[in-house]
**Q** 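To start, I am sharing the structure in question, which I have written as structure tokens.
These numbers come from a predicted model, not from an experiment.
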Amino acid sequence: MRRAPRVRAGNRIRPLTALALVLTLCAGGFAAWAGADWYAAAHDDRSAYAAQRDEVLAAGEQAVQNLNTLDHRDLDHGLDLWESSTTGELHEQLTSGRKQFAEQVKEAKTVTTARVLSGAVTELDDRAGRARVLVALRVTVKASGGAKTEKDSRMFGELTRTKSQWRLSALGQAPVGGASAG
């Protein structure tokens, strides 16, 4: 007895094999997309710029707070902190007038503390190593008699990048309310 030849209806792919192939292609496509996205993010200048901006803001807020804090009982430490927070012309002004200023603070016997309320980087030129910040502070002055006053103020600061860190190179009062910067 002879067998009847089988007739093929075409090359049919089994459903399980088809599903595995589709899932493999999807996984490969996702891996390629995720890898390309990760590479783009890792080599994007914006993340480095954002990190630099955060560093400038932290340095600016700390320096402005340092220059608005001084205790007559620990004057040398406070003035040393002022000098280590500054550079350039501002640093020269502080070092040249240190002795006179120390005498005034000792005589007044005041304790001044500052607390940063908020801050923002208003300008950053990373290539030139220059930045500007605006910092809002609450400054508390305690007189020798125990009287205490608080004042909120806004300060503009200019920072310059030195070899080791960002330092304050200029500091000034920002206008409040409707006052012009004139």
**Q** Say whether, by atom type as modelled, one donor and one acceptor occur between the side chain of Tyr49 and the main chain of Leu124 under 3.5 angstrom.
**A** yes
**Q** Could you grab the distance from atom OG1 of Thr69 to atom CH2 of Trp82, nearest 0.5 Å is fine?
**A** 9.0 Å
**Q** Is the shortest side-chain N to carboxylate O distance from Glu83 to Arg98 below 4.0 Å?
**A** yes
**Q** Assess whether atom CD of Glu107 is packed by more than 12 heavy atoms of other residues, nucleotides or ligands within 6.0 Å.
**A** no
**Q** Say whether Leu81 and Leu94 are linked into one hydrophobic cluster, either directly or through other cluster members, by side-chain heavy-atom distances under 4.5 angstrom.
**A** no
**Q** Which atom names give the shortest non-hydrogen contact between Ser153 and Val139, and what distance separates them?
**A** OG-CG2, 4.3 Å
**Q** Using a strict 4.0 Å threshold on nitrogen-to-oxygen distance, state whether Asp152 and Arg115 make a salt bridge.
**A** no
**Q** Are the charged groups of Asp126 and Arg53 less than 4.0 angstrom apart, N to O?
**A** no
**Q** Are any of the side-chain heavy atoms of Thr86 and Arg167 separated by less than 4.5 Å?
**A** no
**Q** Side chains of Trp166 and Gln62: donor-acceptor distance under 3.5 Å anywhere?
**A** no
**Q** Which atom names give the shortest non-hydrogen contact between Leu171 and Asn68, and what distance separates them?
**A** CD2-ND2, 4.5 Å
**Q** Quick check for you: to the nearest 0.5 Å, what is the distance between Leu70 atom CG and Phe101 atom CZ?
**A** 5.5 Å
**Q** As an exercise, state the distance from CG of Leu21 to CZ of Arg14, rounded to the nearest 0.5 Å.
**A** 15.0 Å
**Q** With a 6.0 Å cut-off (strictly less than), is the heavy-atom count around CD of Glu89, excluding the residue itself, greater than 12?
**A** no
**Q** For the NZ atom of Lys151 and the OG1 atom of Thr140, what is their distance to the nearest 0.5 Å?
**A** 12.5 Å
**Q** Drop me the distance from Ser84's OG to Leu168's CG, to the nearest 0.5 angstrom.
**A** 11.5 Å
**Q** Taking all atoms of both residues into account, what is the closest heavy-atom pair of Leu137 and Ala114, and its distance?
**A** CD2-CB, 4.3 Å
**Q** Charged N to carboxylate O under 4.0 angstrom, Lys142 versus Asp71?
**A** no
**Q** With rounding to the nearest 0.5 Å, note down the distance linking CG in Asn66 to CD in Glu61.
**A** 11.5 Å
**Q** Keeping Thr122 on the side-chain end and Arg132 on the backbone end, is there a donor-acceptor pair under 3.5 Å?
**A** yes
**Q** Might you confirm whether atom CG of Leu16 has over 12 heavy atoms from other residues, nucleotides or ligands at distances under 6.0 Å?
**A** no
**Q** So which heavy atom on Val133 is nearest to which on Gly60, and how close?
**A** CG2-CA, 4.3 Å
**Q** Would you name the heavy atoms of Leu57 and Ala120 that are closest together and state the gap between them?
**A** CD1-N, 3.5 Å
**Q** If we ignore hydrogens and angles and just use 3.5 Å, is the side chain of Thr87 paired with the main-chain N or O of Ser169 as donor and acceptor?
**A** no
**Q** Which heavy atom of Leu134 sits nearest to which heavy atom of Ala174, and what is that distance?
**A** CD1-CB, 3.8 Å
**Q** Do Thr110 and Ser144 pass the side chain to side chain contact (heavy atoms under 4.5 Å, CB included) test, and can you show the C-alpha distance, the side-chain angles, and the key distance before you say yes or no?
**A** CA-CA 6 Å; Thr110 56; Ser144 61; over 6 Å; no
**Q** Do Thr160 and Arg130 have a side chain donor and acceptor closer than 3.5 Å?
**A** yes
**Q** Would you kindly confirm whether Leu79 and Val141 end up in one hydrophobic cluster when ILVMFWY residues are joined by side chain heavy atoms under 4.5 Å apart?
**A** yes
